[in-house]
Number of protein chains: 2
Amino acid sequence: MHISTKTGYAVRALAELAAHGQDSPISVAQICERQTLPPKYIEQLFRKLKKKGIISSVHGAHGGYKLERPNKDISLKDIMAAVDENFNYTYCDTEKETLEYCCGDPCGFSIMWVEIKEHLDNYFSSITLDTILEKIEENA
Amino acid sequence: MHISTKTGYAVRALAELAAHGQDSPISVAQICERQTLPPKYIEQLFRKLKKKGIISSVHGAHGGYKLERPNKDISLKDIMAAVDENFNYTYCDTEKETLEYCCGDPCGFSIMWVEIKEHLDNYFSSITLDTILEKIEENA
DNA sequence: GGATAACATAGTATTTTAGTAGGAATTGAC
DNA sequence: GTCAATTCCTACTAAAATACTATGTTATCC
């Protein structure tokens with residue numbers, strides 16, 4: 001149980017987009033210079049974020065990325081779900097059948113895992129890019 | 001962000017101890033037979049749990065393990081912290097210096113990560129073996 | 001046409017995960 | 001005192017995930 005580097009990087013990169021505003025795009029190169037991030041890696045994360053409809057891209061010179069939704073409508077949960085493929089797994093997920101010693105789903109524990117998943121989903125949904133920006137400014 | 005297999009296994013095994021009561025120990029073999037768990041792996045997890053003072057052991061024949069504290073005083077957070085070494089890490093942890101592209105700790109984001117860590121700590125502390133047993137019985 | 005970007009795929013070194021294997025040390029029962 | 005049951009300990013391992021880098025191709029603006 002931990003926040004992945006992918007999620008951390010994505011939050012930092014998207015915060016840069018959020019601070020910039022939705023009008024004009026910024027390039028990955030610019031973002032990575034400002035936030036000290038590995039450009040090729042961020043490119044990959046951004047393609048995932050695009051697939052999920054969180055950001056959009058402008059091709060070619062003076063192109064780049066911008067947010068598809070206002071800051072308040074992009075949550076940490078959205079970011080995690082887009083970037084970190086292990087997110088959404090609780091222990092004992094029916095769809096994850098690689099586990100050899102599962103208790104058999106549904107079992108007595110299933111309800112608990114589902115409740116935990118729901119709690120985490122709610123919590124991470126409540127943290128959005130606008131509240132993240134507020135915290136950064138308070139801390140600056 | 002996900003519940004590790006280690007945590008899931010440990011919860012299932014400890015629930016068996018909790019259901020049994022603190023009077024007499026149960027062996028890993030018994031627990032693993034009842035819960036369908038890999039004995040050698042559970043042995044390792046139990047040694048970690050013992051180091052953290054969550055369970056105690058009785059050597060030799062008719063030996064085994066039992067809980068060191070009442071069910072209500074053993075939380076999911078305790079279990080995770082004992083068994084899953086990546087627990088307690090937030091992104092941008094000062095003690096984890098392997099990260100190449102860290103934002104530099106403390107940075108504008110630090111407060112947010114700490115708040116998330118505190119929330120998760122509180123939440124997982126509120127889930128204890130007695131509430132877990134209750135849910136299993138409701139579901140049975 | 002050239003510079004600037006996103007897009008795409010593949011490779012890679014390191015670490016983590018989810019176990020197994022084999023044996024040593026300790027205790028209870030007979 | 002021996003034997004069986006059990007914890008304890010270390011090491012090994014196959015597969016996956018992690019955190020990247022490398023090498024292009026394609027689209028757009030000037």
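So that the names make sense, note that chain A is the first sequence line, chain B the second, and so on, each numbered from 1.
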Partner residues of A:H119 under the ring pair (Phe, Tyr, Trp, His ring centres under 6.0 Å) criterion, sequence neighbours left out: B:H119, B:Y123

N/O donor-acceptor pair under 3.5 Å between B:R34 side chain and B:E16 backbone: no

What's touching nucleotides 23-25 of chain D from the protein side, N or O pairs under 3.5 Å?
| unit_1 | atom_1 | unit_2 | atom_2 | d |
| --- | --- | --- | --- | --- |
| D:dT23 | O4 | A:K40 | NZ | 2.7 |

For DNA chain C, determine which residues of residues 49-66 of chain A have any heavy atom closer than 4.0 angstrom to one of its atoms, and list them numerically. A:K50, A:S57, A:V58, A:H59, A:G60, A:A61, A:G64, A:Y65

Once salt bridge (Lys or Arg N to Asp or Glu O under 4.0 Å) is applied, do any residues pair with A:K48, and if so which ones, sequence neighbours excluded? A:E85

Among D:dC20, C:dT17, C:dA6, which is the nearest nucleotide to the side chain of A:Q44? D:dC20

Contact residues, residues 16-24 of chain B to DNA chain C [heavy atom, < 4.0 Å]: none

Under the salt bridge (Lys or Arg N to Asp or Glu O under 4.0 Å) rule, collect the residues that match up with A:E68, sequence neighbours excluded. none

Determine: side-chain N/O of B:T5 to OP1/OP2 of C:dA18, distance under 4.0 Å, yes or no. yes

With a 3.5 Å cut-off and heavy atoms only, can you find an N or O donor on one side and an acceptor on the other between the side chain of A:R47 and the base of C:dA8? yes

Flag yes if more than 12 heavy atoms outside A:E115 fall under 6.0 Å of its CD atom; otherwise flag no. yes

Please state whether the phosphate of C:dT17, meaning OP1 or OP2, lies under 4.0 angstrom from any side-chain nitrogen or oxygen of B:N86. yes

Using a heavy-atom cut-off of under 4.0 Å over every strand shown, decide if B:E85 touches base, sugar-phosphate, or nothing. sugar-phosphate

Establish, from distance only, whether the side-chain atoms of B:S75 and B:D78 form a donor-acceptor pair under 3.5 Å. yes

Indicate whether OP1 or OP2 belonging to D:dA19 is found under 4.0 Å from a side-chain N or O atom of A:K6. no

Does D:dC20 have its OP1 or OP2 closer than 4.0 Å to a side-chain nitrogen or oxygen of A:Y9? yes

Any luck finding a side-chain donor-acceptor pair between A:K50 and A:S57 under 3.5 Å? yes

